[in-house]
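First the structure, in the form of structure tokens, and then the observations on it.
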Amino acid sequence: MKQNESDIEKNNSETFTEKGVEKIPTYELNRIKNVVAVMSGKGGVGKSTVTGLLAVSLQREGYKVGILDADITGPSIPKMFGVKKRPEDIGFGLMPPESSSGIRIMSLNLLLENEDDPVIWRGPLIANTIKQFWTDVVWGDLDYLLIDLPPGTSDEPLTVMQSLPINGLIIVSSPQDLVLMVVKKAIKMAEMMNIPVLGIVENYSYLVCPKCGERIEVFGESRGAEVARQAGIPFLGSLPVDYKLAQLCDRGEIESYKSDEIKGISEWLKHTERR
């Protein structure tokens, strides 16, 4: 028997907002003021890079920042920051290593024997690992904990949204129509989970020619502002394709990158913070 679109959406909503699902309590040694998740409807839009850049920008403003890398099967945060030190087991939890500027980072890649070892796990094991990054890691005092979610709207993002006390979600997109379609899915998922969407960041929006300075829309005309308007959420800004940033991430030196665009986004984020 076929279901119409409204029936499917209703069933999804009932599934995502199960009664009795409680948030995991904050570990007694942790005092985290703001928990912000960064999400994308699909992979390949630079979500982890945006997470890293936001963390760097907030850290430069004097905030204490941590990154929980919830992208268990595709972790890239440690590589961007050049962090290779394993978390230290201090008996009552794991102490996350810090980047060169003091950003605390927890990622499964830091627990693997080799950083290029694959993680071939089923959903429940991945979900439990994400929860342990919240319950068993000694984050200490943080103004912001940014959570780098895996792409899509499947088990891992659902686990984070159901279990962790997130007070806001940032969605990363790129200009293509296909990406914008799945962005709308991510927005609807957040609404079903009663999590505020803080806004949309459009990545890879344009390229500035290094010779003539012309702005080229490589992936087509920017659509982020229009999607944000339709969804009734803020448009936080557009970020360019920048080969210098790619080189710095490959070398583990993302903290050396400076961007007026990302600074503007972090400035806006500060106005939504819990103090």
When the side chains of residues 231-243 are checked against the rest of the protein, which donor-acceptor pairs come out under 3.5 Å, sequence neighbours left out?
residue : atom : partner : partner atom : Å
Asp242  : OD1  : Lys244  : N            : 2.9
Asp242  : OD2  : Tyr257  : OH           : 2.7

For residues 47-57, which side-chain N or O atoms pair as donor and acceptor with protein atoms under 3.5 Å away, sequence neighbours left out?
residue : atom : partner : partner atom : Å
Lys47   : NZ   : Asp148  : OD1          : 2.8
Lys47   : NZ   : Leu149  : O            : 2.6
Ser48   : OG   : Ser76   : OG           : 3.4
Ser48   : OG   : Asp148  : OD1          : 3.4
Ser48   : OG   : Asp148  : OD2          : 2.6
Thr51   : OG1  : Lys47   : O            : 3.0
Ser57   : OG   : Ser266  : OG           : 2.6

Show the atom names and distances, to 0.1 Å, of all donor-acceptor pairs under 3.5 Å that link a side chain in residues 81-96 to residues at least two apart or in another chain.
residue : atom : partner : partner atom : Å
Arg86   : NH1  : Leu111  : O            : 3.2
Arg86   : NH2  : Leu111  : O            : 3.4
Asp89   : OD1  : Gly91   : N            : 3.0

In a table with atom names and distances, give each donor-acceptor pair under 3.5 Å that connects a side chain of residues 203-219 to protein atoms at least two apart or in another chain.
residue : atom : partner : partner atom : Å
Asn203  : ND2  : Val45   : O            : 2.9
Ser205  : OG   : Glu202  : OE1          : 2.8
Tyr206  : OH   : Glu261  : OE2          : 3.2

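For the atom pair CG (Asn128) and CG (Leu125), the distance works out to 6.5 Å, reported to the nearest 0.5 Å. Lys23 contributes atom NZ, which lies 9.5 Å from atom CE of Met161 (distance to the nearest 0.5 angstrom). Between Arg60 atom CZ and Lys258 atom NZ the span is 5.5 Å, to the nearest 0.5 Å. Here Arg251 contributes atom CZ and Ser256 contributes atom OG; the two are 8.0 Å apart, rounded to the nearest 0.5 Å. Separation of atoms CD1 (Ile195) and CG (Asn167) is listed at 9.5 Å; rounding is to 0.5 Å. A distance of 12.5 Å separates CD1 of Ile171 from NZ of Lys184, quoted to the nearest 0.5 Å.
Comment: Asp143 engages Lys33 in a salt bridge, judged by a side-chain N to carboxylate O separation of less than 4.0 angstrom. Ion pairing of Glu191 with Lys188 is absent here, as no side-chain N (NZ or NE/NH1/NH2) approaches a carboxylate O to less than 4.0 Å.
Counting only heavy atoms from C-beta outward, the side chains of Leu158 and Met189 approach each other to under 4.5 Å. Side-chain atoms of Val160 and Met39, non-hydrogen and from C-beta on, never get closer than 4.5 Å to each other. Arg31 places none of its side-chain heavy atoms less than 4.5 Å from the side chain of Trp139. You'll find the side chain of Pro151 reaches within 4.5 Å of the side chain of Asp71, heavy atoms only. Counting heavy atoms from C-beta outward, Val36 and Leu145 have side chains that stay 4.5 Å or more apart. Side-chain contact check for Ile126 versus Thr129: every heavy-atom pair is 4.5 Å or farther apart. You'll find the side chain of Tyr63 stays beyond 4.5 Å of the side chain of Asn34, heavy atoms only. Side-chain atoms of Leu198 and Leu269, non-hydrogen and from C-beta on, do get closer than 4.5 Å to each other.
Pairing each heavy atom of Ala127 with each of Thr159, the nearest pair is CB-OG1, 3.4 Å. The shortest heavy-atom contact between Ala70 and Ile130 is O-CD1, 3.7 Å. Closest non-hydrogen pair, Glu156 versus Pro150, comes out as CB-CG, 3.3 Å. Between Leu169 and Ala190, the shortest heavy-atom distance links the atoms CD2-CB, 3.6 Å.
Not counting sequence neighbours, the partners of Ser100 by the side chain to side chain contact (heavy atoms under 4.5 Å, CB included) test are Glu255. Judged as a salt bridge (Lys or Arg N to Asp or Glu O under 4.0 Å), and not counting sequence neighbours, Asp69 has no contacts.
Side-chain atoms of Lys263 do not come within 3.5 Å of backbone N or O of Leu58 as any donor-acceptor pair. Judged by distance alone, with hydrogens and angles left aside, the side-chain atoms of Ser107 form no donor-acceptor pair with the main-chain N or O of Leu110 at under 3.5 Å.
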Item checked: Worked verdict on Leu142 versus Arg104 for side-chain contact (heavy atoms from CB on, under 4.5 Å) -> CA-CA 9 Å; Leu142 290 180; Arg104 298 166 196 172; 3.6 Å; yes
Next item on the list: Start with the C-alpha gap between Ile32 and Trp134, add the side-chain angles, then the distance that decides, and say whether side-chain contact (heavy atoms from CB on, under 4.5 Å) holds.
Entry: CA-CA 11 Å; Ile32 303 171; Trp134 176 260; 3.8 Å; yes
